[in-house]
2 protein chains.
Amino acid sequence: MIGFFKKFPEYHKNDFYITGESYGGIYVPTLAYRVALNQSMNLKGFAVGNGVTDNRMDFNSYVHLTYYHGMVGPALWDEALQDCCHGVPIDKCDFYEQISNLTCCKVVNAIYNTLYNSGINPYNVYAECAGGVTQMNQLIRKSKPAWWPLFGQTDGYKVDNDIFCENDTALITYMNTLDVREALYIPSTLPDWDVCSDLKYTTIYKTMATFYKKLTVSGEFRVMVYNGDADMMCNYLGDEWFVDSLGLGRVGYRKRWLYTAADGTQQAGGFRQDYKSNVRYLTVLGAGHMVATDRPRKALEMFASYIKNN
Amino acid sequence: MIGFFKKFPEYHKNDFYITGESYGGIYVPTLAYRVALNQSMNLKGFAVGNGVTDNRMDFNSYVHLTYYHGMVGPALWDEALQDCCHGVPIDKCDFYEQISNLTCCKVVNAIYNTLYNSGINPYNVYAECAGGVTQMNQLIRKSKPAWWPLFGQTDGYKVDNDIFCENDTALITYMNTLDVREALYIPSTLPDWDVCSDLKYTTIYKTMATFYKKLTVSGEFRVMVYNGDADMMCNYLGDEWFVDSLGLGRVGYRKRWLYTAADGTQQAGGFRQDYKSNVRYLTVLGAGHMVATDRPRKALEMFASYIKNN
């Protein structure tokens, strides 16, 4: 990045933002922190969409949301409360903590399977599953439960890098085009690009709280966390809990925000909560994991509002 | 109806089903009960879609679902737990009961307003609001909170019969066409047809449980309750709780059901739980209040399966 600004000094004084989605929830704040330390770049802020933020909150909210989106029936839910919560109220029940308990683990596994084995698109529960149920089940057989590493049982499970119910053929084809690889300076010795390719990766952070706190303490950087609210993978509730838990202090109440629909009418884009230190949290109504793909008009107005700081 | 079968005796031995949506949740089982008592009609069962079933369950589930669909933020939710639940766990908290408490009432009112004043279509939270936010707000000013009669405060509130965010112009025009009125034997002395017209109506039943129990005790009639899961007005969760609370006994586990999408792939239609005494409960994934309008392919397969009893 430093090399880029050396090569193109005309961009040097421009406002500079870092944004990303999904696992970008890890990359974006960690990178933003590095960039912030370097005064030569004009960092103004960062934005994270449907991002990984905090393992515990992401996990617990996921269990709640599957039930409250009709994925889990009364029988399984009653079992979850009984086997995981042991009399602790559901809003305080820590499924993440209880997963090391085998009885609870089985119920949570069943909840995960309800979503992963039902042909539902976990990245947008109201969208179709690319290729249909048959295709999905093939992927599932290769997958491991996402929470499995929580208690160290990775043996016998191959990490599968396919994205459930999403058709990535066009993207993969594009990324492996010779012109694209050359334009991105990718050495020909490197293998083909793939979605979530098989990198050896070790989890370092279980929460991004420290980075957010470091980057928001001065109020110098503008931070936006946004979530398509139909995504179960990196769900809005966990991310909202996360932002709220930073203790920045809410500015006013959570309110709907508006956008202009294709027919010219004003429609609800979702909800927005502002926080002190230039932090804002937004939901994007009806969007899944890929907000800009699912709801481009809403995404455009949301980003424009962020850039214009209004 | 008896007159119909007298006039058209050729239909007399046909299987006869009664179905309806929304407030049909009251009309359908009460009518089915009357018809069942008359052996001259060959009643086989009844189906209710996004129906009113039980005031308490519909109301409580509504409060939960608004939070778990991103309509209500952490601040308001915390207030709801504090002012309505008084230490009772959320899954056992009876908002319906607590509404007579003014502090709780204010919070629940705010929750209702979040949905009704946000430009969100409460009949399908992921659909647009016909006419946009401005239009919606005009309707809202005439409306009363749905729960207001619960504690007798109806004074000063005009019951508004408009349907939030739905454009009923075509329907109203059609129903008031002279040909249609004549075909339905509607006397010319009666006023124009309107959506939810201003009938003087007094609530008799707070729950339909008694009727469902009477109609299911013999196992003779086949009952289907189904809900588009994106509807907040007569939501799936309250209706699922209701069917579950009849104590019929679940048959097997709740499972996804499949349908064939436009592209020929098999997709998840939603979830299904069978009960003893020929009762089935289904959710329709991604459909709002009007299931057949929102998800016609799913609706067709669901009804076909019901009629064929498979």
*Against chain B, work out which of A/Val125, A/Ile90, A/Thr283 has the most heavy-atom pairs shorter than 4.5 Å and name it.*
A/Ile90
*Identify which part of A/Val72 has an atom lying under 4.5 Å from any heavy atom of chain B, answering side chain, backbone, both or neither.*
backbone
*asked:* Which atoms of A/Asp78 are under 4.5 Å from chain B, going by heavy atoms: the side chain, the backbone, both sets, or neither?
replied: side chain
*asked:* Quick check on A/Tyr67 against chain B: is it the side chain, the backbone, both or neither that has a heavy atom closer than 4.5 Å?
replied: both
*Region of A/Arg272 that comes under 4.5 Å of a non-hydrogen atom in chain B*: neither
*What part of A/Trp77 lies closer than 4.5 angstrom to a heavy atom of chain B: side chain, backbone, both or neither?*
neither
*Does the pair A/Ile120 and B/Leu285 meet the rule for a side chain to side chain contact (heavy atoms under 4.5 Å, CB included), with working shown?*
CA-CA 9 Å; A/Ile120 285 173; B/Leu285 192 70; 3.9 Å; yes
*Find the distance between CE (A/Met71) and CZ (B/Arg254) and round it off to the nearest 0.5 Å.*
8.5 Å
_Close side-chain approach of B/Arg256 and A/Thr114, heavy atoms under 4.5 Å_ = no
*asked:* Let me confirm one number: the CD-SG distance from A/Gln267 to B/Cys165, rounded to the nearest 0.5 Å.
replied: 7.5 Å
_Tell me which of these, A/Gly70, A/Gly270, A/Gly264, A/Ala268, has more heavy-atom pairs under 4.5 Å with chain B than the rest._
A/Gly70
*Tell me, do A/Gln273 and B/Pro74 make a side-chain contact under 4.5 Å, heavy atoms counted?*
no
*Approximate separation, where rounding is to 0.5 Å, of B/His64 NE2 and A/His64 NE2*: 11.5 Å
*asked:* If I measure from the heavy atoms of chain B, does A/Leu258 come under 4.5 Å with its side chain, its backbone, both, or neither?
replied: side chain
*Measure A/Asp91 against the heavy atoms of chain B and call it side chain, backbone, both or neither at under 4.5 Å.*
both
*Which region of A/Leu237, side chain (C-beta onward) or backbone (N, CA, C, O), has a non-hydrogen atom less than 4.5 Å from a non-hydrogen atom of chain B, or is it both or neither?*
side chain
*By a 4.5 Å heavy-atom criterion (distance strictly below it), what part of B/Leu76 contacts chain A: side chain, backbone, both, or neither?*
neither
*asked:* Between A/His69 and B/Tyr68, is there a side-chain donor-acceptor contact under 3.5 Å, judged purely by atom types and distance?
replied: no
_Only pairs of heavy atoms separated by less than 4.5 Å count here; which of A/Pro89, A/Gly286, A/Gly73 has the most with chain B?_
A/Gly73
